[in-house]
Amino acid sequence: MNAPAALDLTSLPDRIQSEVQRAIQRSIKGVEYIASSGPSLGSTPKDILAVRGTMNLYHYRPMADEIYRVPILIVMATTNRGYILDMVPGQSFIEFLLKRGYDVYMLDWTAPKPEEKTLRMEDYVLDFIPDCIRRVQQDSGEQDVSVIGYCFGGVLSLLYGSIFNDGPMKNLICFTTPIDFREMKLFQNFSDRRYFDVDRLVDSVGNVPGDMIMTSFDMLRPASRAFSQVQLWDNIWNDEYVKGYRMMDRWGSDTLPLAGEYFRQTVKDLMWDNKLYNDAMSVGGRTANIADIKVPILHAVAEHDHIVPYDAAKHLIAKVGSPDKEELILKGGHVSLVAGANAIKRLWPKLDNWLAGRST
């Protein structure tokens, strides 16, 4: 039987002093946290090319002397704002791409107005995205365009690519994009057709409030918000931790409402009938079978994604028709895959390696 380890009493005063100093710093920093605003996000220089309804198209100003021929259009999820990919200098995916020599555009969204409750899936797939593609072509002078879709922006990009499979999309990159909506377990329970009257909801409220959508995300991890606040207090003396927390917390709380008819279609076609997975999806009367996508495609997924579990995303690469296709599985969650310290080390350089040779 091993003897118990001797208690190192000589270090006890130093440990007590350290904890006292940390407690003092918590008090000071706690007051600073309440009194100050968070860091400015989405500050990479850009020009607004178009604003139409809920659609915003940005062009980021180049940061490299030599630019790849093929421009990139980033398509954001309709529930989220694009600054998750443009946090602060040194932690911005957009800035990284620009410094690596890419010509970057972004299709970002704003909240639909009450009169825009009639927007449907075809408005996004057959109108907004093609309009942005045309504007990118005109502005860049290039016919080929690479598309990056984040989360549900990836779903919209897949629908666009399957319908317009003869071009001009040259490459497609999807981040954490669901295909099998049966595996979106909490959302399946939330939208169970036996109990969830989507028609009554949309007919009553029009656009679906962002708070309702954010609450459904919180239900995936009921204790996560309280736990994160405990962690914040424990680390509030650490300026870098607080900076990162404020960035992610602001973005996570900044959830956009969804146009009512678009939400109705999403629930019925994807959540209930799983049409994308079952090869039965159509948009505005046009068949949208992702097997018709033939361009090079990369799908990056996170091992610990609680919003789009791997089981919901894993069939994408098998279903697309491209001979040049790759799935990239990385450690992290739905957000940390694309933003933050882990993304800087893992996803960003891998994406650069994949895209560089396909952008000339």
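Distance alone, capped at 3.5 Å, places no donor-acceptor pair between the Asp352 side chain and the Leu97 backbone. The backbone N or O of Val88 lies less than 3.5 Å from no partner atom in the side chain of Ser92, so there is not a single donor-acceptor pair. Panel note: side chain Asp123, backbone Arg120; a donor-acceptor pair is recorded below 3.5 Å. A donor-acceptor pair is defined here as one N or O able to donate and one able to accept, closer than 3.5 Å; no such pair exists between the side chain of Asp108 and the backbone of Asn56. A donor-acceptor contact shorter than 3.5 Å links the side chain of Asn289 to the backbone of Ala291. Judged purely by atom type and a 3.5 angstrom limit, Gln188 uses its side chain to pair as donor or acceptor with the backbone of Phe181. Put simply, the side chain of Asn207 gets close to the backbone of Gly260: a donor and an acceptor are under 3.5 Å apart. Formation of a donor-acceptor pair under 3.5 Å by the Ser336 side chain with backbone atoms of Gly332 is not found in this model. Between the Trp348 side chain and the Val338 main chain, a donor and an acceptor come within less than 3.5 Å of each other. Without hydrogens or angle criteria, Trp109 side chain to Asn80 main chain gives no donor-acceptor distance under 3.5 Å.
Checked against the 6.0 Å centroid criterion, the rings of Tyr60 and Tyr105 do not qualify as a close aromatic pair. When ring centroids are compared, Phe196 and Trp272 stay outside the 6.0 Å threshold.
Counting heavy atoms from C-beta on, the side chains of Met76 and Ile84 come closer than 4.5 Å. Side-chain contact between Asn165 and Ile293 is absent, with no heavy atoms from C-beta onward closer than 4.5 Å. A heavy-atom distance below 4.5 Å is not found between the side chains of Pro309 and Lys185. Using a 4.5 Å cut-off on side-chain heavy atoms (C-beta onward), Leu347 and Leu328 make contact.
Taking CG of Asn171 as the start and CD1 of Ile297 as the end, the distance is 10.0 Å to the nearest 0.5 Å. The CG atom of Asp311 sits 5.0 Å away from the CD atom of Glu183 when rounded to the nearest 0.5 Å. Distance CD/Glu261 to CD/Gln265: 7.0 Å, rounded to 0.5 Å. The distance from the CD atom of Gln138 to the CG atom of Leu49 is 10.0 Å, given to the nearest 0.5 Å. To the nearest 0.5 Å, the span separating CD1 on Ile329 from NE2 on His299 amounts to 10.0 Å. Separation of atoms CG (Leu330) and NE2 (His304) is listed at 11.0 Å; rounding is to 0.5 Å.
Put simply, the residue from Ile48, Val104, Asp139, Val136 that forms a side chain to side chain contact (heavy atoms under 4.5 Å, CB included) with His59 is Asp139.
The salt bridge (charged side-chain N to carboxylate O under 4.0 Å, His left out) test applied to Asp199 returns Arg264, Lys268, not counting sequence neighbours. Every residue was checked against the ring pair (Phe, Tyr, Trp, His ring centres under 6.0 Å) condition with Trp354, not counting sequence neighbours, and none meets it. By the ring pair (Phe, Tyr, Trp, His ring centres under 6.0 Å) test, Phe164 pairs with Tyr160, sequence neighbours left out. The salt bridge (charged side-chain N to carboxylate O under 4.0 Å, His left out) test applied to Arg286 returns no partner, not counting sequence neighbours.
Residues Val335 and Val301 do not share a hydrophobic cluster, clusters being chains of Ile/Leu/Val/Met/Phe/Trp/Tyr side chains in contact below 4.5 Å. The hydrophobic cluster containing Val208 also contains Met184, counting ILVMFWY residues as joined when their side-chain heavy atoms lie under 4.5 angstrom apart, directly or transitively. With hydrophobic clusters built from ILVMFWY side chains whose heavy atoms lie under 4.5 angstrom apart, Met87 shares a cluster with Met63. Hydrophobic clustering keeps Leu57 apart from Val70 (ILVMFWY residues linked when any side-chain heavy atoms are closer than 4.5 Å, directly or through intermediates). Both Met281 and Val198 belong to a single network of hydrophobic side chains, linked directly or stepwise wherever heavy atoms of I, L, V, M, F, W or Y lie under 4.5 Å apart.
The two atoms that bring Leu159 and Leu276 nearest to each other are CD2-CD1, 3.9 Å, heavy atoms only. The heavy-atom pair separating Ala111 from Thr54 by the smallest distance is C-OG1, 4.2 Å. Between Ile72 and Ile148, the shortest heavy-atom contact is CG2-CD1, 3.7 Å. Considering every non-hydrogen atom in both Val295 and Met169, the closest pair reads CG1-O, 3.2 Å. When every heavy atom of Ser146 is checked against every heavy atom of Leu355, the shortest pair comes out as OG-CD1, 4.1 Å. Considering all non-hydrogen atoms of both residues, Ser157 and Leu172 come closest at CB-CD1, 3.9 Å.
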- Decide yes or no on side-chain contact (heavy atoms from CB on, under 4.5 Å) for Leu201 and Met212, but give the supporting numbers first. CA-CA 11 Å; Leu201 172 67; Met212 175 182 162; 3.5 Å; yes
- Item | Working for side-chain contact (heavy atoms from CB on, under 4.5 Å), residues Met106 and Ile94 | CA-CA 9 Å; Met106 178 184 284; Ile94 300 294; 3.9 Å; yes
- Stepwise side-chain contact (heavy atoms from CB on, under 4.5 Å) check, Ile307 with Thr176: CA-CA 9 Å; Ile307 294 176; Thr176 64; over 6 Å; no
- Task: Please lay out, stage by stage, how Asp180 and Asn274 fare under the test side-chain hydrogen bond (donor to acceptor under 3.5 Å, both in side chains).
- Result: CA-CA 7 Å; Asp180 186 354; Asn274 208 19; 3.0 Å; yes
- Begin from the C-alpha positions of Leu316 and Ile290 and carry the test side-chain contact (heavy atoms from CB on, under 4.5 Å) through to its verdict. CA-CA 8 Å; Leu316 171 55; Ile290 60 175; 4.0 Å; yes
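A salt bridge does not link Lys113 with Glu115: every distance from a Lys NZ or Arg NE/NH1/NH2 to an Asp or Glu carboxylate oxygen is 4.0 Å or more. At a threshold of 4.0 Å, the pair Glu142-Arg69 counts as salt-bridged, since one of the basic side-chain nitrogens sits closer than that to a carboxylate oxygen. The pair Asp47-Arg61 counts as a salt bridge, with a side-chain nitrogen and a carboxylate oxygen less than 4.0 angstrom apart. For the pair Asp273 and Arg193, the salt-bridge criterion is met [side-chain N within less than 4.0 Å of a carboxylate O]. Note on Lys46 versus Asp86: no salt bridge recorded, every NZ/NE/NH1/NH2 to OD/OE distance being 4.0 Å or above.
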Please output the side-chain donor-acceptor pairs of residues 126-134 that fall under 3.5 Å, not counting sequence neighbours, one pair per line with the distance.
| residue | atom | partner | partner atom | Å |
| --- | --- | --- | --- | --- |
| Asp127 | OD1 | Arg52 | NH2 | 2.7 |
| Asp127 | OD2 | Arg52 | NH1 | 3.4 |
| Asp131 | OD1 | Arg135 | NE | 3.1 |
| Asp131 | OD2 | Arg52 | NE | 3.3 |
| Asp131 | OD2 | Arg52 | NH2 | 3.2 |
| Asp131 | OD2 | Arg135 | NE | 3.3 |

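Between the side chains of Tyr262 and Thr78, a donor-acceptor pair is found at a separation under 3.5 Å.
Among residues at least two apart or in separate chains, side-chain hydrogen bond (donor to acceptor under 3.5 Å, both in side chains) pairs with a member in residues 319-332 are Asp279-Lys319, Tyr310-Glu327, Asp324-Arg358.
Using the six-membered ring where Trp is involved, Phe93 and Phe175 have ring planes that are perpendicular, over 60° apart on the 30 and 60° scheme.
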